[in-house]
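Heads up, the thing below is written out as structure tokens.
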Amino acid sequence: MSSATELIHSIPVDPLTGAVSVPIYQTSTFVQEAPGVNKGYDYSRSNNPTRAVLEQLIAKLEKGATGLAFSSGLAAIDCVIKLLKTGDEIVAVDDIYGGAFRLFGSVYAQFGIKVTYVDTSDTQKIFDAITDKTRLIWLETPTNPTLKISDIEAIAKIAKASNCLLCVDNTFATPVLQQPLAQGADIVVHSATKYLGGHSDLIAGLLVAKDPVIGAKLKFYQNACGNILAPFDSWLTIRGIETLHLRIRQHCATALEVAQWLEQHPLIEKVYYPGLKTHPNHDLAKRQSKGFGGIITFRLKEDTEAAALEIVNNTSLFKLAESLGGIKSLISHPMNMTHKSIPAEIRRAAGVTDSLIRLSIGLEDAEDLIQDLETTFAQIGKTKEKKKAFAEASL
Ligand SMILES: *Cc1c(COP(=O)(O)O)cnc(C)c1O
């Protein structure tokens with residue numbers, strides 16, 4: 001059976017009524033026949049039938065034992081860190097999602113958990129950073145925004161040998177393109193806000209543990225800390241996942257076309273897209289994943305904030321917004337948005353230079369998106385000519 005067919009039929013028909021769509025069990029509690037005797041559900045923080053469908057679905061898609069759904073991607077990340085204790089260390093990807101950086105540095109640092117950040121696309125650097133206190137390796141691959149790829153299989157071997165867990169934030173790739181647990185990782189987390197939800201209409205997080213013992217610990221923390229996904233948002237996430245295969249296929253095809261167009265444009269200095277042969281990790285990306293995703297970043301020849309603002313403020317189909325993975329294409333300027341709180345020198349050293357622009361390719365036709373960029377770029381040329389003519393005229 002193809003994975004698309006399997007995905008669609010992994011979502012069960014309601015056993016009670018035959019409803020084809022998963023029912024939304026909007027209830028806090030469940031009637032018990034006698035104290036402690038119930039139909040598998042007693043209170044919706046602990047277990048809810050709608051959430052359970054989503055949790056089993058993501059476990060199946062990621063090929064793990066236990067799936068759990070949270071009120072945001074960060075809540076899922078937070079749950080994983082609760083496996084650690086004071087004195088433990090994490091080795092994490094240096095291009096990490098800003099919210100995870102804040103959680104590690106401003107919340108868990110207070111509890112004595114230390115994080116070392118390295119360029120995980122260089123496996124040796126992880127090996128060198130591990131100490132006898134390291135308990136967790138944290139990857140994002142591809143990373144945001146420069147789309148670096150890390151070798152999950154090689155890093156999983158280092159994790160095993162060092163008695164560490166390996167957790168992969170699989171938000172950018174989704175299980176359609178990449179299944180980290182099958183490549184040796186122990187835990188996968190998702191911001192389901194992005195591709196899994198897919199319609200920019202909810203905030204949700206998911207995690208999957210390969211081993212049921214670790215899964216049970218995480219399930220304990222989910223219930224003990226209470227950061228669960230509500231029934232309606234669980235339903236929305238299931239509804240999003242139903243079309244995940246189709247959407248990802250289209251995101252990938254369109255992104256490749258746009259990336260190739262950008263690469264030959266005279267205003268562009270560099271395009272970051274793992275599907276391009278010029279990407280430094282292209283071969284690894286090809287080996288490790290079934291496609292290259294829907295995110296593209298690029299840097300202008302004129303590497304200034306002003307030049308980038310002229311573009312991000314003037315596209316019409318690409319909407320200026322944070323986030324990614326929805327049906328509408330989005331454009332963002334990391335310097336002034338996602339990476340605003342990072343000091344300029346550190347930001348630039350990580351490749352997030354002043355003109356860097358990120359695109360989240362939606363489900364519009366490639367030719368329309370290219371036309372939008374073409375019109376915007378042409379306008380910049382005209383503004384420049386006008387300014388030059390004005391300057392010459394006033395001499
Ligand atoms: C958005 C995002 C998160 C955080 O998810 P929320 O749902 O916003 O809490 C974590 N990791 C990555 C890679 C993300 O893009």
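Model, not experiment: these values are computed from the prediction. Note: hydrogens, waters and symmetry copies are ignored here, and every other heavy atom, side chains too, is used.
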Walk me through it: do Y195 and H251 pass the test ring pair (Phe, Tyr, Trp, His ring centres under 6.0 Å)? CA-CA 10 Å; Y195 287 107; H251 285 303; 5.3 Å; yes
side-chain hydrogen bond (donor to acceptor under 3.5 Å, both in side chains) assessment of S71 paired with N227: CA-CA 6 Å; S71 59; N227 224 336; 2.6 Å; yes
Using distance alone, with no hydrogens and no angle criterion, decide if K219 and N47 have a side-chain donor and acceptor under 3.5 Å apart. yes
Under a 4.5 Å cut-off applied to non-hydrogen side-chain atoms, are L320 and N313 in contact? yes
Can you tell if the side chain of R135 reaches within under 4.5 Å of the side chain of I90, non-hydrogen atoms only? no
For G325, is there any backbone N or O sitting under 3.5 Å from a side-chain donor or acceptor partner on S360? yes
Quick one: do E374 and E367 satisfy side-chain contact (heavy atoms from CB on, under 4.5 Å)? Show the steps, please. CA-CA 10 Å; E374 178 124 60; E367 57 197 87; over 6 Å; no
Stepwise, does the side-chain hydrogen bond (donor to acceptor under 3.5 Å, both in side chains) test hold for Q250 with T254? CA-CA 6 Å; Q250 194 59 47; T254 310; 3.3 Å; yes
Going hydrophobic residue to hydrophobic residue with side-chain gaps under 4.5 angstrom, can you get from V115 over to I130? no
Any non-hydrogen side-chain atom of I228 less than 4.5 Å from a side-chain atom of F70? no
Exactly one of V208, L229, L68 should register a side chain to side chain contact (heavy atoms under 4.5 Å, CB included) with E55. Which one does? L68
N/O donor-acceptor pair under 3.5 Å between R45 side chain and G226 backbone: no
Just by modelled atom types, is the A19 backbone N or O under 3.5 Å from a matching donor or acceptor in the T17 side chain? yes
Under the criterion side-chain contact (heavy atoms from CB on, under 4.5 Å), I'd like the reasoning laid out for K328 against S200: C-alpha separation, chi angles, the key distance, then a yes or no. CA-CA 8 Å; K328 283 198 175 80; S200 305; 6.0 Å; no
Exam field: side chain T243 to backbone G240, donor-acceptor pair closer than 3.5 Å: yes
Shared hydrophobic cluster, I238 / L246 (ILVMFWY, side-chain heavy atoms < 4.5 Å): no
Distance-only side-chain donor-acceptor flag, E89 / T131, under 3.5 Å: yes
Does any part of the side chain of V22, heavy atoms only, come nearer than 4.5 Å to the side chain of P49, both counted from C-beta? no
Would S150 and T120 count as a side-chain hydrogen bond (donor to acceptor under 3.5 Å, both in side chains) here? Give the steps. CA-CA 6 Å; S150 300; T120 53; 2.8 Å; yes
Between the main-chain N or O of P23 and the side-chain N or O of T50, is there a donor-acceptor pair closer than 3.5 Å? yes
Please verify the inter-ring angle class for H265 with W261; under 30° counts as parallel, over 60° as perpendicular, anything in between as tilted. tilted
For residues K133 and G87, report the shortest heavy-atom separation together with the two atoms involved. CD-O, 3.4 Å
Without swapping roles, check the side chain of E364 against the backbone of S329 for a donor-acceptor pair under 3.5 Å. yes
Verify side-chain hydrogen bond (donor to acceptor under 3.5 Å, both in side chains) between Y117 and D95, making sure each step is shown before the conclusion. CA-CA 8 Å; Y117 293 96; D95 242 2; over 6 Å; no
Does any donor atom in the side chain of S234 or T237 lie under 3.5 Å from an acceptor atom in the other side chain? no
Are I81 and W138 packed together at the side-chain level, in the sense that at least one heavy-atom pair is separated by less than 4.5 angstrom? yes
Side-chain heavy atoms under 4.5 angstrom apart, residues restricted to Ile, Leu, Val, Met, Phe, Trp, Tyr: same cluster for L300 and L359? yes
side-chain contact (heavy atoms from CB on, under 4.5 Å) assessment of F104 paired with I77: CA-CA 10 Å; F104 293 173; I77 295 172; 4.1 Å; yes
Within the side chain of D78, is there an N or O that forms a donor-acceptor pair under 3.5 Å with the backbone of L74? no
Determine the minimum heavy-atom distance between S355 and D303, stating which atoms define it. OG-OD1, 2.6 Å
From I11 CD1 over to D14 CG, what is the distance, rounded to the nearest 0.5 angstrom? 13.5 Å
Do the side chains of L165 and I137 get nearer than 4.5 Å, heavy atoms only? no
Decide yes or no on side-chain contact (heavy atoms from CB on, under 4.5 Å) for Y108 and L103, but give the supporting numbers first. CA-CA 6 Å; Y108 281 103; L103 177 69; 3.8 Å; yes
Could you tell me whether R348 atom CZ has more than 12 heavy atoms of other residues or ligands within 6.0 Å of it? yes
Carboxylate-amine/guanidinium contact K160 D186, below 4.0 Å: yes
Heavy atoms from other residues, nucleotides or ligands near CZ of F127 exceed 12 (cutoff 6.0 Å): no
Would you mind telling me which of V188, L196, L206, I241 makes a side chain to side chain contact (heavy atoms under 4.5 Å, CB included) with L61? I241
Check: R347 and M335 side chains under 4.5 Å, non-hydrogen atoms: yes
So, do H279 and F292 have ring centers that fall under 6.0 Å from each other? no
Is it true that D354 and R299 make a salt bridge, defined as a side-chain N closer than 4.0 Å to a carboxylate O? no
I need the minimum non-hydrogen distance between L147 and Y273, along with the two atoms involved. CD1-CA, 4.3 Å
How far apart are the closest heavy atoms of L256 and G275, and which atoms are they? CD1-O, 3.9 Å
Cluster question for you: counting only ILVMFWY and a side-chain heavy-atom cut-off of under 4.5 Å, with indirect links fine, are F101 and V107 together? yes
So for atom NZ, which belongs to K82, do other residues, nucleotides or ligands contribute more than 12 heavy atoms lying within a distance under 6.0 Å? yes
Heavy-atom pair of closest approach, residues A156 and Q183: CB-O, 3.7 Å
Flag side-chain contact, heavy atom, 4.5 Å: E305 against E310: no
Are D151 and T123 linked by a side-chain donor-acceptor pair shorter than 3.5 Å? no
Flag this pair as yes if the NZ/CZ of K39 is under 6.0 angstrom from the six-membered ring centre of Y41 and inside a 45 degree cone about the axis; otherwise no. no
Side-chain donor or acceptor of K301 paired with backbone N/O of K270 under 3.5 Å: no
Considering all heavy atoms, the nearest T376-D372 contact: OG1-O, 2.7 Å
With side chain to side chain donor-acceptor pair (under 3.5 Å) as the test, pick out the partner of R358 among T297, T146, N144. N144
Distance (rounded to the nearest 0.5 Å) between N170 CG and S191 OG: 12.0 Å
Keeping the roles fixed (side chain from Q222, backbone from A76), state whether a donor-acceptor pair exists under 3.5 Å. no
Check for me, please, whether L276 and I149 land in the same ILVMFWY cluster - side-chain distances under 4.5 Å, paths through other members count. no
Backbone N/O of V37 and side chain of E33: donor-acceptor pair under 3.5 Å: no
Between D88 and K114, does any NZ, NE, NH1 or NH2 come within less than 4.0 Å of an OD or OE carboxylate oxygen? no
